[in-house]
Structures are given as C-alpha cells and as structure tokens.
Amino acid sequence: MKLVSYLKDEQDQLAALVNGKLYDMELLHPDLPGTMSMFLQYWDDVLPVAQAGVKLVEEGRIAANKGVAIDGVQLLAPVPHPTSCRDGYAFRQHVAAARRNRKVDMIAEFDQYPIFYMTNHHAVYGPGPVRCMPDHFERLDFELEAAIVICKHGRNIPAEHADEYIGGLMIMNDLSARRLQMEEMLLNLGPAKGKDFATTIGPWLVTLDELEQYEVPPKQGHVGKSWNLKMTCTVNGVPVSEGNLGDMDWTFAEIIERASYGVDLYPGDVIGSGTVGTGCFLELNGTGKLNDPNYKEQWLQPNDEVVMKIDALGSLENQMVPEETEWSILKLKKNV
C-alpha cells in the first residue's frame, strides 16, 4: 500500500494512493485515523483495515469518483511530523570513494558497526520547493537515499526482529551545505548548520508487503531485509547519479539495533540509509578531480530541479528556492 499525506483544509490528511487517486482513510473505513502520526501509533491494528479498504477500491466497491486526483493536491512529507530523524552511513561504496578522494585509507570501523547522526526533524519536507539561505548555496549538495519510518515502540531491538518495526520505505534527499558542514567539522563536532535546514522525503510511504517481490539477501555477514531497487537522481533533467538500494552493507534492521540500544524508538521516527555510491556531488566531484585535475566541480544552484527516483517508491521532486535575503552566518566568523 502507498500512504500519502497531503494538505487538506490547511491540515495534513492521510490517504491511500490507488490508480492515481487519493482515498482518505475515512473513505476506506470510518474508524481509520486521518493523519500519519495517528496511523503509526496504532499501526498493527489499522494497517490490515486500510489494506482491506484499498481492496474495496480496487474491486470497485468504493466508487472511484470519491477519490481525489493526486496531481490536484499539495503533497506533504509522507510523515509530516517525524518524532525524530536519524541518517545512517550504510553504503560502503560511498564511504570508500569519499575517503579515497581525500587520499585517506578506508576506515576499518565502518565494517564493525553501523553509525548514524541525528538531524533536524522539524526541517523535514516533502515534494516541492526547498527554501535555501545564501550560505546554503555555498556548495549545496543533494544526497540520494532511502528512508524508513518506525511503526511501533521498541527499545534494545535485536536486528533479527527489527524489520517488524519498519512501517515502510520512501525516498530521502539529505540536503547538505558543504561549506558550512566542512568548516564546522574541523572542530570534530557536527554536522550542524550544514545539515539542519532541510531534508526531504516522499512522495509516499510504501509498506513492506508491496516490496516483497524486490527482496534480496543482505550482504554476507549481515542480518535484515534488503531490496533490489534501482536509485537515480537528475538535476535539471541531466542524470547525475545511479545506484541500487540492494548495495546497502548495513541493513536498516542493523541500524535499528544500534539506534535502539538503551534508547526508546517511537512510531514516527524516520531513519535514512545514508548516501548510495555516486549519490552526491561531493563524491562525484572528488572522483572527477582524482581522474582529471581540470575537472569542473558541480553544486546545486538557485532554482535547480532535483528529481530522485527509486523503483517501486516513486519520484521525489524538489526545487532549490533562494530566500530573499543577503543574511550570512559565514560572514560572522571572528578573527578572519
């Protein structure tokens, strides 16, 4: 099932996407909650009811004219108000390439345990415009990823059981202001302002039952579900990145295991995969310069259109919109 959050009467409304139309939860069953946050709170009880409602739509027992065309509404993030947002570092190819490009050895700890960072869950957006400050356009970067949402409370969750806590998958763009990020991390803390302005997810949440046909074994020595899903990104229609979700080394189950160690995870917590290999300009620029010293760097520019696609998960489209201001925190640095 594809779960969509959209703007209705100035509030977020949860619907199921069936044949290009959105069917609000109450159309599927009068007792279903109308927002994603409430749906996640009662996931195990309401998911089968919603799935039964979708079947009624597919059978024509709920009239098609009760649905709303998806291209006629404003889509929100599938999880409009995440309770938290973590981002992993699960693709060895990306990590190895980034380190090679900096002329440092691959770090052995990558293969010992999965890591993640906490980002700003109040700056998670869906398809559409992303407002950026002048300093963000100092090496503004996309990051091609997938994400999950936690669908039930848990603590100290072993990887062998962690897939039970995944509500579904969606596309994620972990936007990065690289100049801010790199300057901050010279102090061995962060990322902070280089990351906290925007993360986009969408266009909808796809439940795991719909992805069973794409399941593949995890990498050797790893535990949890993995999916053979092609990932691509274009900027202004030009292809810039291609990868596969099945190339994740650390699984979402293993990231959940580490994230939940001594910590409560809650319905609505979003967790990203980390960047797929070739999935950002930082890596692509580094590889390009390594092969050709005259390689011209690429970064996102004002009003660029970024389109990310993942098989079975849809297409996430965002435009980088400059805010009308000249305010700069880079200019506030002391003693320079």
Side-chain angles (χ1 to χ4, degrees), residues 1-81 126-128 146-152 163-172 201-216 225-231 245-246 252 267-268 270 308-317:
M1 184 166 59
K2 295 180 177 69
L3 293 169
V4 178
S5 294
Y6 72 99
L7 192 65
K8 181 179 181 181
D9 300 328
E10 302 303 316
Q11 296 181 329
D12 57 294
Q13 170 68 48
L14 182 64
L17 176 62
V18 185
N19 298 325
K21 288 190 174 182
L22 299 176
Y23 295 83
D24 293 352
M25 285 295 118
E26 56 264 33
L27 286 175
L28 303 182
H29 193 283
D31 294 334
L32 285 173
T35 65
M36 178 63 89
S37 59
M38 289 298 294
F39 196 95
L40 288 164
Q41 288 292 332
Y42 301 100
W43 183 267
D44 285 342
D45 294 328
V46 299
L47 181 62
V49 178
Q51 290 171 324
V54 167
K55 189 173 182 180
L56 293 178
V57 174
E58 293 172 339
E59 293 173 348
R61 296 164 65 186
I62 293 178
N65 62 9
K66 292 187 177 180
V68 177
I70 191 169
D71 56 6
V73 302
Q74 179 182 336
L75 296 184
L76 304 173
V79 185
H81 308 291
I148 61 168
V149 64
I150 298 298
C151 62
K152 60 181 178 180
D163 287 324
E164 301 168 16
Y165 293 77
I166 298 175
L169 270 67
M170 51 196 161
I171 304 170
M172 173 185 273
I201 55 175
W204 39 71
L205 181 75
V206 181
T207 55
L208 296 192
D209 58 292
E210 194 166 319
L211 300 173
E212 288 179 357
Q213 61 184 305
Y214 302 101
E215 287 184 24
V216 293
K225 291 182 182 294
S226 184
W227 299 270
N228 175 24
L229 299 175
K230 182 180 177 181
M231 309 169 69
L245 191 61
F252 281 116
V270 169
M308 295 183 168
K309 296 182 180 180
I310 300 182
D311 287 350
L313 303 187
S315 176
L316 175 61
E317 303 180 15

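Numbering starts at 1 and runs along the sequence shown.
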Would you give the length of the straight line joining atom [atom1] of [X] to atom [atom2] of [Y], rounded to the nearest 0.5 angstrom?
X      : Y      : atom1 : atom2 : value
Ile201 : Ile148 : CD1   : CD1   : 11.5 Å
Ile171 : Ile310 : CD1   : CD1   : 4.5 Å
Leu47  : Leu32  : CG    : CG    : 10.0 Å
Asn19  : Ile70  : CG    : CD1   : 12.0 Å
Met25  : Leu3   : CE    : CG    : 5.5 Å
Glu210 : Gln213 : CD    : CD    : 8.0 Å

Do the side chains of [Y] and [X] get nearer than 4.5 Å, heavy atoms only?
X      : Y      : result
Leu169 : Leu211 : yes
Leu28  : Leu56  : no
Glu212 : Leu208 : no

Of the non-hydrogen atoms in [X] and [Y], which two are nearest, and what is the gap between them?
X      : Y      : answer
Lys21  : Ala64  : NZ-O, 3.3 Å
Lys225 : Asp163 : N-OD2, 2.9 Å
Pro203 : Ser315 : CG-O, 3.4 Å
Gly268 : Val79  : O-CG1, 4.1 Å
Gly126 : Leu316 : C-CD1, 4.2 Å
Val46  : Pro33  : CG1-CD, 3.8 Å

Where do Ser37 and His81 land on the side chain to side chain contact (heavy atoms under 4.5 Å, CB included) test, with the steps shown first? CA-CA 7 Å; Ser37 59; His81 308 291; 5.7 Å; no
Can you tell me if [X] has over 12 outside heavy atoms packed within less than 6.0 Å of its [atom1]?
X      : atom1 : answer
Glu59  : CD    : yes
Asp209 : CG    : yes
Lys152 : NZ    : yes

Residues in side chain to side chain contact (heavy atoms under 4.5 Å, CB included) with Asp24, at least two apart? Tyr6, Lys8, Gln13, Ala15, Glu26
Checking the side chain of [X] only, and the main-chain atoms of [Y] only, is there a donor and an acceptor separated by less than 3.5 Å?
X      : Y      : result
Trp204 : Leu313 : yes
Thr207 : Met1   : yes
Asp12  : Pro80  : no

Option passing side-chain contact (heavy atoms from CB on, under 4.5 Å) with Trp227 (candidates Leu245, Val216, Asp311): Leu245
Does the side chain to side chain contact (heavy atoms under 4.5 Å, CB included) test come out yes or no for Met38 and Leu14, once each step is laid out? CA-CA 10 Å; Met38 289 298 294; Leu14 182 64; over 6 Å; no
Is there a side chain to side chain contact (heavy atoms under 4.5 Å, CB included) between Met36 and Leu76 once you walk through the steps? CA-CA 11 Å; Met36 178 63 89; Leu76 304 173; over 6 Å; no
What do the steps show when you test Val73 against Leu22 for side chain to side chain contact (heavy atoms under 4.5 Å, CB included), and what is the final call? CA-CA 9 Å; Val73 302; Leu22 299 176; 3.7 Å; yes
Can you name the residues that form a ring-ring contact (aromatic ring centres under 6.0 Å, His included) with Trp43, not counting sequence neighbours? Phe39
